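What follows is a set of notes on a single structure, which appears directly below.
The basis for the numbers below is simple: all heavy atoms, side chains too, and nothing from hydrogens, waters or symmetry mates. Since the model is a prediction, treat every value here as computed from it, not as a measurement. Naming convention: chains lettered A, B, ... in sequence-line order (proteins, then strands); numbering from 1 in each chain.
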Protein chains: 2
Amino acid sequence: MFQLTDGEQEYLHEIGSEINYPKGQIIFSSGQKTNEVYYIISGFVKIYRTTADGRQVSVALRYPGDFIGLAEVLSNSSERGYSAEAMDKVKLLITWQDPFKKMLADVPDFSSKLMELMSDRLREAQNTIYDFIMNPTQGRLALVLLEMAERSGSPGEGGLLNVSLKVTQEELAYIIGASRQTVSSLLNLLKEDGSVKYEGRELVAVESRKLKKWIQNSK
Amino acid sequence: MFQLTDGEQEYLHEIGSEINYPKGQIIFSSGQKTNEVYYIISGFVKIYRTTADGRQVSVALRYPGDFIGLAEVLSNSSERGYSAEAMDKVKLLITWQDPFKKMLADVPDFSSKLMELMSDRLREAQNTIYDFIMNPTQGRLALVLLEMAERSGSPGEGGLLNVSLKVTQEELAYIIGASRQTVSSLLNLLKEDGSVKYEGRELVAVESRKLKKWIQNSK
DNA sequence: AGTTCATTGTCGTGTTGCGGACATATTAGT
DNA sequence: ACTAATATGTCCGCAACACGACAATGAACT
């Protein structure tokens, strides 16, 4: 996986500034001018677009240690193609694109590291496409829950992952491209099955073994 | 769009060799060792994966002027994640990864150009995800036909695009994640509508205006 | 503690699209 | 030209899911 060196972290802190966003805060919006690159210190960020009829479609989730708003800067496109929203309390490092580009030129290997990052992301996006074609709704739901749990959870015994996630069903529906109602019933199936454990409206654990049974042959 | 300079083209020809593949030829397969990078001179290439039960899922199409097999090389992953197959007569330029990486270091701006390419591709992949969520089958079919026509066709008057494409309906089904039968009926609707024109089994023209009416609000 | 708002559960009903089956048409092989 | 292999058209039953409606539950604000 993608990992910055201490030196790179330091450099980023020098040219950027830390900001905290509350849950639901919009970080940037589709159509806006491209000025900054963000580095995620903690929390989840949703990359999405709002359709003409008001629906949301999210195309990716970004996790700590990842950059957002990067593609536009690297490809010199002046407008954001997607919006970004904090799904959680999020701590970001904001850097303006000029010093960021200078860093690209200054710091050896940073450029090739970003190249790796972009390649990984492309692969991820292709996997998402693959999953969309292969998996019916329940599989996609399982996939997303698993991914979020793996990114943020602490492993217990067996395939158990302890997490602490407050994500509404509507949000999940946007991510997997399903209706809210369908997510509701599917989640209940997963609960009965013991694949996921909720405390109130907070997801507290997932049983990855069981969860994987809902996913189609992934390869 | 992505475009190589003459100098870069020349360099590539020096370190690589041209090869012709017939339609249906597999260029590389998922799981294979990563050794080469390919540059498409002419023809279409399908990037796909075969599922356990034999179905194919294609996640992208690549057109002339694009690289394939690039992501694995840039991210130093030793195995191909997807397979690539010629959808046409395809002319490729094969380069081994070592001289290719040397070129990256040698040729100024080549690296940043590839960065742009990767960014564009990521954006494309995200758009594909978006379209999958937003568009029902007929919309996805229209999108793919339009894209292929735009990439290979010569524009006539109005929104007309003259092309010459031999793609089976099964192939289209793999690309849009639908069943062969559904593609068959939808294509007939498109023909009746005048959105596409066939001569035998060859697609010869698309009426982009009409075709676009089958696509949901794309932004 | 009470009111308000957001979130979730659960019905119907209607549509879309899959997948099997089979006929027909077209292309390729020898 | 004849045969085999591929590709296409079409019908039908079935399952998955969307979408509207509304109730019930839980959370947040004052």
**OP:** Establish, for the pair A:Lys89 and A:Tyr21, whether the NZ or CZ atom is under 6.0 angstrom from the six-membered ring centre and no further than 45 degrees off its axis.
**Re:** no
**OP:** Examine A:Phe67 together with A:Phe100 and report whether their ring centres are nearer than 6.0 Å.
**Re:** yes
**OP:** To the nearest Å, give me how far apart CZ (A:Phe132) and P (D:dC17) are.
**Re:** 12 Å
Original post:
Which of residues 180-189 of chain A have a heavy atom under 4.0 Å from DNA chain C?
Top reply: A:Arg180, A:Gln181, A:Ser184, A:Asn188
Dump the pairs, protein N or O against N or O of nucleotides 25-30 of chain D, anything under 3.5 Å, distances to one decimal.
none

**OP:** Run the salt-bridge test on B:Asp88 and B:Lys166 with the 4.0 Å N-O cut-off and return the result as yes or no.
**Re:** no
Subject >> Nearest-angstrom distance from the residue atom OH of B:Tyr198 to P of C:dT27 >> reply: 13 Å
Original post:
For the pair made of CD1 in B:Ile176 and C1' in C:dG17, what is the distance, rounded to whole Å?
Top reply: 11 Å
**OP:** Nearest whole angstrom, please: distance from the P of D:dA18 to the CE of B:Met134.
**Re:** 13 Å
**OP:** Considering only NZ, NE, NH1 and NH2 on the basic side and carboxylate oxygens on the acidic side, decide whether A:Glu72 and A:Lys33 come within less than 4.0 Å.
**Re:** no
**OP:** May I ask you to verify if any side-chain N or O of A:Lys191 is less than 4.0 angstrom from the OP1 or OP2 atom of C:dG9?
**Re:** yes
Original post:
Is any side-chain nitrogen or oxygen of A:Gln138 closer than 4.0 Å to OP1 or OP2 of D:dC17?
Top reply: no
Original post:
When you check the phosphate oxygens OP1 and OP2 of D:dC17, does a side-chain N or O of A:Thr137 lie under 4.0 Å from one of them?
Top reply: yes
Original post:
Between B:Glu199 (CD) and C:dT26 (C1'), how many Å, whole number?
Top reply: 15 Å
Original post:
Between B:Arg49 and B:Ser58, does a side chain to side chain donor-acceptor pair (under 3.5 Å) hold up when you go through it step by step?
Top reply: CA-CA 6 Å; B:Arg49 197 180 274 171; B:Ser58 71; over 6 Å; no
Original post:
Which whole-number value in Å describes the distance from B:Glu171 CD to D:dA7 P?
Top reply: 9 Å
Original post:
Salt bridge or not for B:Lys23 and B:Glu85, using N-O below 4.0 Å?
Top reply: no
**OP:** Please name the pair of heavy atoms, one in A:Arg140 and one in A:Gly177, separated by the smallest distance, quoted to 0.1 Å.
**Re:** NH2-O, 3.8 Å
Subject >> Shortest non-hydrogen contact from B:Tyr82 toward B:Phe28 >> reply: O-CE1, 3.2 Å
Original post:
Of the non-hydrogen atoms in B:Glu36 and B:Val73, which two are nearest, and what is the gap between them?
Top reply: O-CG2, 4.0 Å
Original post:
In whole angstrom, what separates A:Asn135's CG from D:dA15's P?
Top reply: 20 Å
Original post:
Roughly how many Å is it from CG in B:Leu172 to C1' in D:dT8, rounded to a whole number?
Top reply: 13 Å
**OP:** Check every strand shown and say whether B:Lys23 touches a base, only sugar-phosphate, or nothing at a heavy-atom separation below 4.0 Å.
**Re:** nothing
